[in-house]
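A quick write-up on the structure given underneath.
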Amino acid sequence: MPANLTSDTAGALSIVPVTTATLPAWLGALNPHERDWLKTTAFVADPGSFAFLPARDGKEARVIAGISPSESVWAYAGFPASLPEGKYRIDSPLDRNAATDAAQGWALGSYAFTRYKAAKRAFATLVWPPEADRAEVERVTRGVFLARDLINTPAEDMGPDELAAAARELARDAGATCTVIRGDDLLRANYPTIHAVGRASSRPPSLIDIRWGDPSAPKVTLVGKGVCFDSGGLDLKPAAMMLNMKKDMGGGAVVLGLASALMSAGAPIRLRVLVPAVENAVSSNSIRPRDIVRTRSGKTVEIGNTDAEGRLILCDALTEADTEAPALIVDCATLTGAARIALGPELQALFCNDDAVAEGLLHAGVAAGDPLWRMPLWQPYRRLIDSKVADFNNVSDAGYAGAVIAAVYLAEFVGAATPWAHIDMFGFNAKDRPGRPEGGEATGLRAVYRYLRERFG
């Protein structure tokens, strides 16, 4: 179970949740001494705030906590880090959904990346709310923490081989199979664009391929961008834009964390996970602007910019994914700065060729507190990546609609009959928020997980 959730109720202090709307009535039920005490603390029930009511007149000490009624998952997520170390229990009746959300938020708020530096303090512990779905909280938390850890690990310790090792370990623990096509074997296996992007690095590129589940079950294939570091290639990024490029494998991290949760849940699907893992480096054999690459699909791509490498490695993986005609393909990728400019870091851009799938994902994202926002797969923009010497270019020189054009490019490699969702994700928390500490984040993971569980059971 998550380290900061316990079944042991001994010595646990009560947390009494209140909102700004319910505070006046709640104060009216207190005795004058308690009201006066809270007045001295200036407690007004702002979300995330708390105040202690000392023991008095035979009553135990309590914590009065301000929560947001509109953010079920995150209502308690800030308290593990803000409350003093110790054990607490929620003193309020919660139904199954609310109890699970409260426990989930508390668990996600108990994350720290400690591989290189010990945590400054221990987190506060919550007694499991009685109605919470413990197994669900545990599997989702493991998946999110796996993704966060992978993203937070610097590129020196998280290259293509290390990402493949994490995938193998995950597959072994879940009873899945994992194969890795590495280096020049990618050319022999006809994954030329993955090889072209990754060949300049001293760390060979690879394609990670996990398979799990009943072969007769509905096929769901997850594809994740695994650029373990992105220098931009010969179209080199400036230093400021390169600083956080260890997170450019965030899509791969998210689909591995998502697979962890789905396999732990025993989801009734035939799951496949494809992660093209590369480092986009600079060397004498770097792919060059105006080079032309023949993709796995047979279509040719002119390289307009070597810093638009994510769509190159994804196109080979998507082509392979589509060969099996799955019930659904979902790809996750830190693909464009344009998506971040359009939506900011807290909304993930969703492109989808199926209205019912898109609606289900949007609904699941809101319910999970992991929101997505649908963007258009505007096919008229396909003309913006026309090339005179190849089937198309990997970029447009139009200077606008970058996220849309990238999605339209990817759509070239998925059959029209295959339901497909593309999430252009940020994969990072720019600053601390309750339950979402600064650093790597599994953006989109819980939304897709909830959708798949609701759709397939």
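Numbers here are sequence positions counted from 1. Everything quoted here is computed from the prediction, not taken from an experiment.
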Please check if any side-chain donor atom of [X] sits under 3.5 Å from a side-chain acceptor atom of [Y], or the reverse.
{"X": "Ser264", "Y": "Arg142", "result": "yes"}
{"X": "Thr418", "Y": "Asp322", "result": "yes"}
{"X": "Asp331", "Y": "Trp420", "result": "yes"}
{"X": "Arg134", "Y": "Ser7", "result": "yes"}
{"X": "Asn4", "Y": "Tyr111", "result": "no"}
{"X": "Asp214", "Y": "Ser216", "result": "yes"}
{"X": "Glu136", "Y": "Thr100", "result": "no"}
{"X": "Tyr116", "Y": "Asn152", "result": "no"}

Does [X] come within less than 4.0 Å of [Y], counting only side-chain N to carboxylate O?
{"X": "Arg203", "Y": "Asp161", "result": "no"}
{"X": "Glu441", "Y": "Arg433", "result": "no"}
{"X": "Arg62", "Y": "Glu34", "result": "yes"}
{"X": "Arg272", "Y": "Glu320", "result": "yes"}
{"X": "Glu438", "Y": "Lys431", "result": "no"}

Roughly how far apart are [X] [atom1] and [Y] [atom2], rounded to 0.5 Å?
{"X": "Ser49", "Y": "Phe79", "atom1": "OG", "atom2": "CZ", "result": "6.5 Å"}
{"X": "Phe50", "Y": "Ile15", "atom1": "CZ", "atom2": "CD1", "result": "9.5 Å"}
{"X": "Leu384", "Y": "Tyr409", "atom1": "CG", "atom2": "OH", "result": "15.5 Å"}
{"X": "Arg311", "Y": "Thr336", "atom1": "CZ", "atom2": "OG1", "result": "7.5 Å"}
{"X": "Leu150", "Y": "Cys228", "atom1": "CG", "atom2": "SG", "result": "9.5 Å"}
{"X": "Lys219", "Y": "Leu328", "atom1": "NZ", "atom2": "CG", "result": "13.5 Å"}

(message) Going by the rule side-chain hydrogen bond (donor to acceptor under 3.5 Å, both in side chains), which residues pair with Tyr451 if we only count those two or more places apart in sequence or in a different chain?
(response) Arg455
Are any of the side-chain heavy atoms of [X] and [Y] separated by less than 4.5 Å?
{"X": "Val414", "Y": "His422", "value": "no"}
{"X": "Pro218", "Y": "Phe456", "value": "yes"}
{"X": "Ile313", "Y": "Val227", "value": "yes"}
{"X": "Leu314", "Y": "Leu335", "value": "yes"}
{"X": "Gln348", "Y": "Asp424", "value": "no"}
{"X": "Phe413", "Y": "Asp316", "value": "no"}
{"X": "Phe113", "Y": "Asp149", "value": "yes"}

(message) Listing request: all side chain to side chain donor-acceptor pair (under 3.5 Å) pairs with a residue in residues 350-367, at least two apart in sequence or in separate chains.
(response) Asp355-Arg374
(message) Could you walk me through whether Asp248 and Phe229 satisfy the side-chain contact (heavy atoms from CB on, under 4.5 Å) test, starting with their C-alpha distance in whole Å, then the side-chain angles of each, then the deciding distance to 0.1 Å, before giving a yes or no?
(response) CA-CA 6 Å; Asp248 213 20; Phe229 191 82; over 6 Å; no
(message) Given the ring of Phe426, does Lys247 sit roughly above its face, with NZ or CZ under 6.0 Å from the centre of the six-membered ring and within 45° of the axis?
(response) yes
(request) Check whether NZ of the Lys or CZ of the Arg Arg270 lies under 6.0 Å from the centre of the six-membered ring of Trp212 and within 45 degrees of that ring's axis. (result) no
(request) Take Leu256 and Leu163 through the test side-chain contact (heavy atoms from CB on, under 4.5 Å) and record every step on the way to the result. (result) CA-CA 10 Å; Leu256 290 176; Leu163 189 58; 4.0 Å; yes
(request) List the atom of Ala103, the atom of Ala132, and the distance in Å for their closest heavy-atom pair. (result) CB-CB, 4.3 Å
(message) Please give me the minimum heavy-atom distance between Leu38 and Ile64, naming the atom from each residue.
(response) CD2-CG1, 4.4 Å
